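Before any comments, here is the structure.
Because the structure is predicted, anything quoted here is derived from the model rather than measured. Side chains included, hydrogens not; waters and symmetry mates left out as well; all remaining heavy atoms used. Lettering of chains follows the sequences in order, A, B, ..., and the numbering in each one begins at 1.
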Amino acid sequence: MSDTPTPNHFIRQIVIDDLAHGKHAGIATRFPPEPNGYLHIGHAKSICLNFGIAAEFNGRCNLRFDDTNPAKEDPEYVTAIQEDVQWLGFHWAELRHASDYFELIYRCALKLIRDGVAFVCDLSAEEVREHRGTLTQPGRNSPFRDRPVAENLDLFARMKAGEFADGSHTLRAKIDMSSGNINLRDPALYRIRKVDHQNTGDAWCIYPMYDFAHVISDAVEGITHSLCTLEFEDHRPLYDWCLDQLPVWAMPELADELDRLGLKPSRPRQIEFSRLNLDFLVMSKRKLLTLVTGNHVNGWDDPRMPTPCVAFAAVGSPADAIRNFIRNAGVTKQESVLEFSLLENEVRNDLDVRAERRMAVIDPLKVVIVNLADSHEESLTMANHPKDESRGTRSVPFSRELWIEREDFMEVPPKGYHRMVPGGEVRLRGVGIVKCEHVVKNSNDVVTEVHCTLDGSTRHGMSGADRKVKGTIHWVSAKHALSAEVRLYDRLFTVADPDDDNDGKTYRDHLNPNSVRVVNAQLETSLARVAAETRLQFERLGYFVADRVDHRADQPVFNRICTLRDSWAKAAK
RNA sequence: UGGGAGAUCGUCCAACGGUAGGACAACGGACUCUGACUCCGUUUAUCUAGGUUCGAAUCCUAGUCUCCCAGCCA
């Protein structure tokens with residue numbers, strides 16, 4: 001979609017160099033989510049990176065579910081994740097599961113045992129922890145570390161056969177209990193979990209750990225560049241150890257299974273990059289889940305959630321804007337927190353060109369044009385887009401009584417105020433210049449009506465129409481107005497870093513009580529005809545989208561995507 | 001006190017021994033039938049200290065700060 005050149009970054013450069021040196025015939029990447037939750041905008045970076053690199057260099061990118069922990073996973077998430085990837089505009093070469101490779105991974109484990117570099121350990125989780133040592137002290141060998149190969153083979157077969165209880169045995173790599181890198185202190189490769197798996201059912205009761213399954217999955221799929229986030233940096237030595245021990249591209253005992261699955265293995269390289277973080281948001285799955293279960297938001301598709309497909313689609317952010325935002329954010333190993341305004345900027349840029357304009361009044365105040373007849377009624381023709389004639393025009397009914405935005409009138413204006421004031425003039429968008437002649441108040445001194453006269457010589461198309469006035473305000477004909485529910489969303493948290501609990505407060509203490517405001521708005525009539533999910537600009541207010549599920553012609557519901565930039569509000573504050 | 005990684009405007013990203021540049025933000029101005037969009041301008045940065053070099057963000061040395069790791073999670 002973008003016509004700007006792809007910005008370079010260190011991973012892209014590695015790929016370019018690898019290709020230039022003939023290291024690979026073609027490049028292959030993968031996006032490997034665990035189906036244990038919904039994706040959020042942080043994942044979108046990985047999606048854009050992996051699929052983007054593959055697309056740019058005519059490679060392939062698989063969508064692979066890293067489903068090695070059946071207790072936490074659910075098919076609901078595998079469906080949702082696929083939708084997210086597609087919503088972002090990407091297509092996978094193959095849809096795979098790590099669980100597709102359980103047989104291959106099992107045979108790899110067998111080789112490790114035969115080669116004397118893996119053993120069955122009878123230690124409990126607690127005991128393993130005690131043997132592991134600490135960050136500064138080396139661990140101690142398991143008493144089962146030197147079991148003979150035959151015994152390991154037998155025990156591992158019995159683990160697989162279901163003879164042992166969960167947690168009673170593990171298969172562990174035999175590496176180095178004194179390593180400064182804790183991942184190398186004889187890490188677990190397999191554990192027993194007698195639970196059904198969302199993809200393989202009850203076929204297995206032993207499941208490979210991430211470190212073991214992921215590297216083999218990468219290798220058998222022929223992934224050339226295995227891109228992951230920074231926290232896996234110190235797993236890389238284990239990743240490479242597995243590759244050294246298990247040249248899956250040259251293991252005869254894997255041939256039939258590889259063939260069955262149509263796989264062509266090669267040696268992958270792991271490269272780490274920093275996560276995408278946004279201020280005023282939390283990203284951890286646990287915290288997001290709490291927001292949902294604690295009813296702080298209305299479900300995973302609440303527009304305030306940082307989830308890409310469900311929430312961004314719900315709130316109407318175009319996928320293009322998300323992709324541009326991520327492209328502009330770059331790829332580095334530096335940990336960073338992006339300002340939310342970067343995202344908003346992309347959304348506004350995108351919507352400014354694509355969204356048609358309409359008028360809506362969110363906080364109505366009655367205006368009566370006293371020099372028009374009671375029965376006055378006409379139809380004005382207004383452009384749908386100020387910079388794109390091809391978007392056509394629409395007719396907007398105009399009559400004697402209108403709604404304007406309450407904040408567009410002030411009895412005692414501050415200096416610099418360009419809108420309607422007693423005795424002052426202002427332009428009604430598409431109509432002409434009106435002068436405020438009189439104000440009606442109720443017993444509480446609240447303004448209930450503003451009476452104006454319309455200067456006929458300034459009507460649209462007349463010679464006086466060019467006369468300058470400071471302000472132009474939007475309006476809706478009261479007689480024709482459509483009453484509608486409009487949901488005004490704001491940021492979910494009041495502080496830039498809700499995760500910071502140094503002051504003793506948690507992210508829950510920083511929830512914005514006004515993150516959503518539901519109002520009854522008055523819309524121009526044409527808005528009855530828009531389809532759900534249509535994105536529009538309500539002039540001077542912001543970008544809005546017709547709610548994908550709740551919007552109906554007879555009962556319109558719009559969500560605010562974001563406001564327009566408002567330099568007056570800023571100056572007035 | 002172990003292992004791994006990272007430090008450039010307020011924020012993010014460039015600069016790969018040769019003028020520290022861009023985006024966003026902020027500020028000022030122009031334009032405007034959206035206080036939008038657009039346009040113009042301004043402010044602000046190389047973690048510190050040494051060294052090498054005609055020349056250092058970049059190379060070397062020594063510090064400092066930040067992040068990650070002690071799941072049979074990923």
Spacing between [X] atom [atom1] and [N] atom [atom2], to the nearest angstrom:
X        : N     : atom1 : atom2 : result
A/Phe156 : B/C72 : CZ    : P     : 16 Å
A/Glu272 : B/G4  : CD    : C1'   : 10 Å
A/Asn277 : B/C68 : CG    : C1'   : 13 Å
A/Leu230 : B/U66 : CG    : C1'   : 12 Å
A/Gln137 : B/G3  : CD    : C1'   : 14 Å
A/Asn183 : B/A70 : CG    : P     : 8 Å

Separation between the [atom1] atoms of [N] and [M], rounded to whole Å:
N     : M     : atom1 : answer
B/U61 : B/C40 : P     : 46 Å
B/U46 : B/U58 : P     : 12 Å
B/G51 : B/G41 : P     : 41 Å
B/C73 : B/A15 : C1'   : 41 Å

Is NZ or CZ of A/Lys160 both nearer than 6.0 Å to the six-membered ring centre of A/Tyr106 and within 45° of the ring axis? yes
Is it true that the NZ or CZ of A/Arg491 lies under 6.0 Å from the centre of A/Phe280's six-membered ring and within 45 degrees of the ring axis? yes
Indicate, with a heavy-atom threshold strictly under 4.0 Å, whether [X] touches base, sugar-phosphate, or nothing.
X        : result
A/Gln537 : base
A/Ser567 : sugar-phosphate
A/Arg348 : nothing
A/Leu380 : nothing
A/Pro386 : base
A/Arg427 : base
A/Tyr190 : nothing
A/His214 : nothing
A/His418 : base
A/His460 : base
A/Tyr417 : base
A/Gly416 : base

Taking only side-chain nitrogens and oxygens of [X], does any of them come within less than 4.0 Å of OP1 or OP2 of [N]?
X        : N     : result
A/Arg357 : B/U34 : no
A/Lys468 : B/C33 : yes
A/Arg540 : B/G35 : yes
A/Arg185 : B/G2  : no
A/Arg132 : B/G71 : yes
A/Thr68  : B/A74 : yes
A/Arg191 : B/A74 : yes

Before giving the answer on side chain to side chain contact (heavy atoms under 4.5 Å, CB included), spell out for A/Lys287 and A/Asp499 the whole-Å C-alpha distance, their side-chain angles and the decisive distance to 0.1 Å. CA-CA 9 Å; A/Lys287 289 175 181 172; A/Asp499 285 318; 2.6 Å; yes
Using atom types as modelled and distance alone, determine if a side-chain donor or acceptor of [X] lies under 3.5 Å from a backbone N or O of [Y].
X        : Y        : result
A/Ser124 : A/Glu127 : yes
A/Asn62  : A/Arg64  : no
A/Arg459 : A/Val431 : yes

5' priority, RNA chain B, between A/Pro33 and A/Asp234 [closest heavy atom]: A/Asp234
Of A/Gln13 and A/Gly432, the one whose closest RNA chain B nucleotide lies more 5': A/Gln13
For RNA chain B, just give me the dot-bracket, please: Watson-Crick or G-U, both distances below 3.5 Å, ( ) intra-strand, [ ] crossing earlier pairs, | paired with another strand, . unpaired. .((((((..((((....[..)))).(((((.......)))))....(((((..]....))))))))))).....
Between A/Val495 and A/Tyr507, is any pair of side-chain heavy atoms under 4.5 Å apart? no
Are A/Leu343 and A/Leu338 packed together at the side-chain level, in the sense that at least one heavy-atom pair is separated by less than 4.5 angstrom? no
Can you tell me which residue among A/Tyr207, A/Phe156, A/Trp204 is in a ring pair (Phe, Tyr, Trp, His ring centres under 6.0 Å) with A/Tyr190? A/Phe156
Measure from the side chain of [X], starting at C-beta and using heavy atoms only, and say which of [options] lies closest.
X        : options             : result
A/Lys72  : B/A74, B/C73, B/U34 : B/C73
A/Met209 : B/C72, B/C33, B/A70 : B/C72
A/Lys570 : B/U34, B/C27, B/A74 : B/C27
A/Arg193 : B/A70, B/C72, B/C24 : B/C72

Quick one: which protein N/O atoms are closer than 3.5 Å to N/O atoms of nucleotides 6-14 of chain B? Pair and distance per line, please.
{"from": "B/A7", "atom 1": "OP1", "to": "A/Gln334", "atom 2": "NE2", "distance (Å)": "3.3"}
{"from": "B/U8", "atom 1": "OP2", "to": "A/Gln334", "atom 2": "OE1", "distance (Å)": "2.7"}
{"from": "B/G10", "atom 1": "N2", "to": "A/Glu339", "atom 2": "OE1", "distance (Å)": "3.0"}
{"from": "B/U11", "atom 1": "O4'", "to": "A/Glu339", "atom 2": "OE2", "distance (Å)": "3.0"}
{"from": "B/U11", "atom 1": "O3'", "to": "A/Val337", "atom 2": "O", "distance (Å)": "3.4"}
{"from": "B/U11", "atom 1": "O2'", "to": "A/Val337", "atom 2": "O", "distance (Å)": "3.2"}
{"from": "B/C12", "atom 1": "OP1", "to": "A/Val337", "atom 2": "N", "distance (Å)": "3.2"}
{"from": "B/C12", "atom 1": "O2'", "to": "A/Ala329", "atom 2": "O", "distance (Å)": "3.0"}
{"from": "B/C13", "atom 1": "OP1", "to": "A/Thr332", "atom 2": "OG1", "distance (Å)": "2.7"}

From the list A/Glu524, A/Glu405, A/Glu539, salt bridge (charged side-chain N to carboxylate O under 4.0 Å, His left out) with A/Arg429 holds only for A/Glu539
Of all heavy-atom pairs between A/Val361 and A/His474, which one has the smallest distance, and what is that distance? CG2-CD2, 3.9 Å
Please confirm whether the ring centroid of A/Phe119 lies under 6.0 Å from the ring centroid of A/Phe144. no
Stacking between A/Trp568 and the base of B/G35 (centre distance under 5.5 Å, interplanar angle under 30°)? yes
Syn versus anti for B/G71, judged by chi lying within 90° of 0? syn
Flag if over 12 foreign heavy atoms under 6.0 Å of CZ, A/Arg354: yes
